[in-house]
Amino acid sequence: MRTLAELDERLSRPRDGLADDLGKLDGDIMILGAGGKLGPSLVRLVLRGVRASGVPRRVIAVSRFSEPGLAQSLQESGATVVAADVADEEALRGLPDAANVVFLVGAKFGTAGREHATWFTNTYLPGRVADRFRGSRIAALSTGNVYPLVPVAGGGSTEDGPTGPVGDYAMSCLGRERVLTHFAAEYGTPLSLIRLNYAVEMRYGVLVDLAQRILADQPIDLTTGQVNVVWQGYANEVTLRSLPLAGAEPYVLNVTGPELVSVRQAAEALGEALGRRPVFTGEEAPTALLSNAARCHGLFGYPDLTLTELIGHTARWVADGGPLLGKPTKFERRDGKF
């Protein structure tokens, strides 16, 4: 993957099983937050999956669409584009009905100092959306940050284990889950909750963060010495394939890669590919934010890009000066302040 066109194609390439699972659904599919960092590739993926399923349906992409040309691009791909701010009550009420809703709207980057806005977007707004689409099937993006830091040797948090969010962002995301669960219980709205961490592609993610620091000769803090990463295309696919699993008792799914990724080893591999030696600081703590995605892998198999492949693609992309989204994950933060 050397160009945006190649990256977009790879992110939206459906694997076996997606068409079958989409074929189990009735009605249209709406993507709320279609203009965010995940949205465009997910819209293109569902369009390709719908075509492969042979079941005609509308794919409705909803966003403010602040990026020039994006709305037109998605429309040309086959999506029904609706430019709307779902935080506006009138706009939300005016959205078309859809039997299936993928909810991607959320706030993380730059939330420190704007905690009130974070809680509005991540906790209050999902309730308004759930009320508007109480008769729909909803797959909602959440985060592994709802879990506490856990011992590195323990295998990661499971869906049935305790939550323990650290900081306003993580607490507001658990609030999102609780509010959506309330509406599922109140109205019988089928719901799936996708606890994702950390998605990567060539323009953002933990591997991009590390590669940029290596090229800038900036020290890499090893205190958070282990992380989870997963290819964004796989995360998109799983989010869509969770729709048939949704229930009034929400179906909770951890989505990440199968490995416990050593930050030191990943940085060294990136450094070798970039021809630079990483600079490290700090010592590895015995705990980290880690998720166990065995349930996900049992249902949908392993991600279709390995960690080694992701490192290679990322190094080439960053070394070639490919475009980046400029949204660092801040995975090293242990105080929850993003």
Side-chain angles (χ1 to χ4, degrees), residues 17-18 21-22 24-25 29 31-33 38 42 100-108 121-123 125-127 129-130 133-134 136-150 154-167 169-199 227-232 234-258 260 288-303 336:
L18 176 61
D21 282 346
L22 291 178
K24 299 172 184 176
L25 302 173
I29 301 173
I31 314 299
L32 297 179
L38 315 184
L42 191 144
N100 308 281
V101 174
V102 180
F103 184 62
L104 303 179
V105 180
K108 176 181 179 180
T121 301
N122 290 346
T123 306
L125 182 57
V129 169
F133 292 102
R134 64 176 69 175
S136 303
R137 180 180 297 271
I138 300 175
L141 190 66
S142 185
T143 172
N145 288 83
V146 300
Y147 294 121
L149 302 179
V150 295
S157 297
T158 64
E159 294 90 344
D160 301 322
T163 55
V166 178
Y169 164 70
M171 288 189 288
S172 71
C173 290
L174 182 58
R176 173 201 291 137
E177 292 192 10
R178 299 292 193 245
V179 169
L180 290 172
T181 299
H182 166 76
F183 280 90
E186 184 75 12
Y187 299 116
T189 305
L191 174 66
S192 62
L193 296 169
I194 304 300
R195 292 176 176 171
L196 171 64
N197 65 300
Y198 281 100
V227 294
N228 298 128
V229 301
V230 65
W231 166 237
Q232 181 63 67
Y234 177 83
N236 287 347
E237 175 199 323
V238 168
T239 299
L240 292 170
R241 295 182 70 182
S242 75
L243 279 165
L245 300 173
E249 179 68 29
Y251 195 90
V252 181
L253 195 62
N254 290 345
V255 179
T256 194
L260 178 67
L289 181 71
L290 300 169
S291 297
N292 184 319
R295 177 183 294 177
C296 176
H297 301 148
L299 288 168
F300 305 117
Y302 290 122

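What you see is a predicted model; the values in this text were computed from it and never measured. In what follows, every heavy atom counts, from backbone to side chain, and hydrogens, waters and symmetry copies are set aside.
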Query raised in the report: So, N122 and R176: side-chain donor and acceptor under 3.5 Å apart, yes or no?
Result: yes
Requested in this report: Would you kindly say whether N197 and Y147 are connected by a side-chain donor-acceptor distance under 3.5 Å?
Outcome: no
Rounded at 0.5 Å granularity, tell me how far [atom1] in [X] sits from [atom2] in [Y].
X: L18; Y: F300; atom1: CG; atom2: CZ; answer: 10.0 Å
X: S172; Y: L174; atom1: OG; atom2: CG; answer: 9.0 Å
X: L289; Y: S157; atom1: CG; atom2: OG; answer: 7.0 Å
X: T143; Y: L193; atom1: OG1; atom2: CG; answer: 12.0 Å
X: L32; Y: L104; atom1: CG; atom2: CG; answer: 7.5 Å
X: L290; Y: T256; atom1: CG; atom2: OG1; answer: 9.0 Å

Does a side-chain heavy-atom distance below 4.5 Å link [X] with [Y]?
X: L240; Y: V238; result: no
X: P258; Y: P303; result: yes
X: R295; Y: D160; result: yes
X: Y251; Y: S242; result: no

Query raised in the report: With respect to N254, which candidate in C296, S142, S291 satisfies the side-chain contact (heavy atoms from CB on, under 4.5 Å) definition?
Result: S291
Requested in this report: Could you check R195 against T163 for side chain to side chain contact (heavy atoms under 4.5 Å, CB included), going step by step and ending with a plain yes or no?
Outcome: CA-CA 11 Å; R195 292 176 176 171; T163 55; 3.9 Å; yes
Closest non-hydrogen atom pair, [X] against [Y]:
X: R137; Y: L243; result: CD-O, 3.0 Å
X: V230; Y: V255; result: CG1-O, 4.2 Å
X: P126; Y: F103; result: CG-CE2, 3.7 Å
X: S192; Y: A246; result: N-CB, 3.7 Å
X: P162; Y: P148; result: O-CD, 3.6 Å

Query - Worked verdict on L125 versus T123 for side chain to side chain contact (heavy atoms under 4.5 Å, CB included) - result: CA-CA 6 Å; L125 182 57; T123 306; over 6 Å; no
Query raised in the report: In chain order, what residues pass the side chain to side chain contact (heavy atoms under 4.5 Å, CB included) check against T189, with sequence neighbours excluded?
Result: R134, I138, Y187
Requested in this report: Would you please name every residue forming a side chain to side chain contact (heavy atoms under 4.5 Å, CB included) with N292, sequence neighbours left out?
Outcome: T158, A294
Report task. For V129 and L180, run side chain to side chain contact (heavy atoms under 4.5 Å, CB included): C-alpha distance rounded to whole Å, both residues' side-chain angles, the deciding distance at 0.1 Å, then the answer. Result -> CA-CA 9 Å; V129 169; L180 290 172; 6.0 Å; no
Report task. Evaluate the criterion side chain to side chain contact (heavy atoms under 4.5 Å, CB included) for residue pair N145 and V166; output intermediate values, then yes/no. Result -> CA-CA 8 Å; N145 288 83; V166 178; over 6 Å; no
Requested in this report: Might you confirm whether atom CD of E249 has over 12 heavy atoms from other residues, nucleotides or ligands at distances under 6.0 Å?
Outcome: no
